[in-house]
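To start, the structure under review is shown below, and the notes come after it.
Both counts, for ligands and for their atoms, begin at 1 and track the order of listing.
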Amino acid sequence: MVDLHGQYLKIKDEVDSAIQKVIDSTAFIRGEDVREFQKELSAYLDIKHTIACGNGTDALQVAMMALELQPGDEVITTPFTFIATVEVIRLLGLKPVFVDVRPDTFNLDPELLEQAVTDRTRAIVPVHLFGQCADMESIMEFAGRHGLYVIEDNAQALGADFLPANGSKQKAGTIGHLGCTSFFPSKNLGAFGDGGALFTNDDSLGQRAASLVNHGMQKRYYYDHVGVNSRLDTLQAAILRVKLQHLDDYHRLRQEAATWYDTSLSGIEGLHTPVRSPFTSHIFHQYTLQVEASSRDALKQWLMEKGIPSQVYYPVPLHLQQAYRDLGYGKGSLPASEELCNKVLSLPIHTEMEQKQLEYISEQVHQYFKA
Ligand SMILES: *Cc1c(COP(=O)(O)O)cnc(C)c1O
């Protein structure tokens, strides 16, 4: 699905020397590269504070801790996402409230927020799934009207542009009160291990988050909040500084592959290429087709036999996962997400795709629908 080794080889000299410098300095924790990476990512995103941490899941948890959400508070999110989004809500004793997604864009449907809000609702966590923004204009408007916090799960859309109707431009993850991202190796900006970060323009939230990721420490060995140990390794920061310089190129390469797929796979009956929302660029963390449910698994099998990997992100909506059954959502309660789980299929997309690979994949998809 990705070619991380091929990507590394193209920047090997830069990466290797960055790694060697960290080893020579032995500043493995909270080293210079971490501070520099935070500054550079803040500049790239045009945000005041970037707080690096251990992974994207921790970023989400720390965001909720920084907002001082209390056990029993309700947090609205989507059931069509990676488990981390809802896991941290649960771990903090908060109550996840699921709102269904739009079947075309896979992102939270703002029109369904009204019926989910109660007097215990404190926050909304939209997920910018597969590389494009959720409808942040509607979500922010709704949140403002109800006095709710917005935490953007931006693990899959770091660097995507949010393009509201007034003609302005903002980076995904910088629109809500806090944004969170992941540097898991397969993400668009991937480390050589785990990593994550939070973003905010709010000084006091930024300070609190920075303290929370380091045990809630303010002055050395003085603790004002109960925190966690979640730091980005200096080695990872050094690698990410190199890769950040290439991130826009990486996005462009993914977009080119996506555009090529769009054209070559258009017009196949029973198959829909991804829908692009008008208010966001799309950085194609995933290229996700919708296939008639009756043929999705067979297409996946067909491709596998031709040596082509494909993946189902995600096979089971979170409200129907065993661990979350006690929330009381039955089958049929969030129909768009449930249906998508039977229809989605993601094709390989990455920065090292070659024209002949794209052609081969497209040809095999066409063959399947002809057969
Ligand atoms: C990857 C991902 C996360 C979690 O990030 P980790 O760094 O793996 O902890 C959270 N939310 C979404 C939507 C993700 O894709």
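- The parts of Asn55 lying near ligand 1 are both backbone and side chain, judged by heavy-atom distances below 4.0 Å.
- Between Arg102 and Asp135 there is no salt bridge, since none of the side-chain N atoms of the basic residue sits less than 4.0 Å from a carboxylate O of the acidic one.
- Scanning the protein heavy atoms around atom 13 (C) of ligand 1, the nearest turns out to be Asp153 OD2, 3.5 Å.
- At a threshold of 4.0 Å, the pair Arg90-Asp326 counts as salt-bridged, since one of the basic side-chain nitrogens sits closer than that to a carboxylate oxygen.
- Inter-residue side-chain proximity for Ile175 and Val150 is flagged as unmet; no heavy-atom pair is nearer than 4.5 Å.
- Remark: Arg241 engages Glu40 in a salt bridge, criterion side-chain N to carboxylate O under 4.0 Å.
- Lys171 forms a cation-pi arrangement with Tyr44, by the criterion of a distance under 6.0 Å to the ring centre and an angle within 45° of the ring axis.
- Closest to atom 15 (O) of ligand 1, if we only count protein heavy atoms, is Gln156 NE2, 2.8 Å.
- Less than 6.0 angstrom separates the ring centroid of Phe183 from the ring centroid of Phe37.
- Of the residues Asp13, Leu9, Val15, the one that meets the side-chain contact (heavy atoms from CB on, under 4.5 Å) test with Ile11 is Val15.
- A perpendicular orientation is assigned to the rings of Trp302 and Tyr368, their planes being inclined by more than 60° (bins at 30° and 60°).
- For ligand 1, the atoms sitting less than 4.0 Å from at least one non-hydrogen atom of Gly56 are 5 (O), 6 (P), 7 (O), 9 (O), numbered in the order shown with element in parentheses.
- Contacts with ligand 1 closer than 4.0 Å are made by no heavy atom of Asp58, backbone or side chain.
- For ligand 1, the polar-atom distance check finds an N/O of Thr57 within less than 3.5 Å of one of the ligand's N/O atoms.
- Taking every non-hydrogen atom of Thr81 and a distance limit under 4.0 Å, the qualifying atoms of ligand 1 come out as 13 (C).
- The shell of residues lying under 4.0 angstrom from ligand 1, judged by heavy atoms, includes Lys187.
- Those atoms of ligand 1 with a heavy atom of Val127 less than 4.0 angstrom away are 13 (C).
- Every N/O-N/O distance between Ala155 and ligand 1 stays at or above 3.5 Å.
- Numbered from 1 in the order shown, with element, the atoms of ligand 1 that lie under 4.0 Å from a heavy atom of Ala84 read 4 (C), 10 (C).
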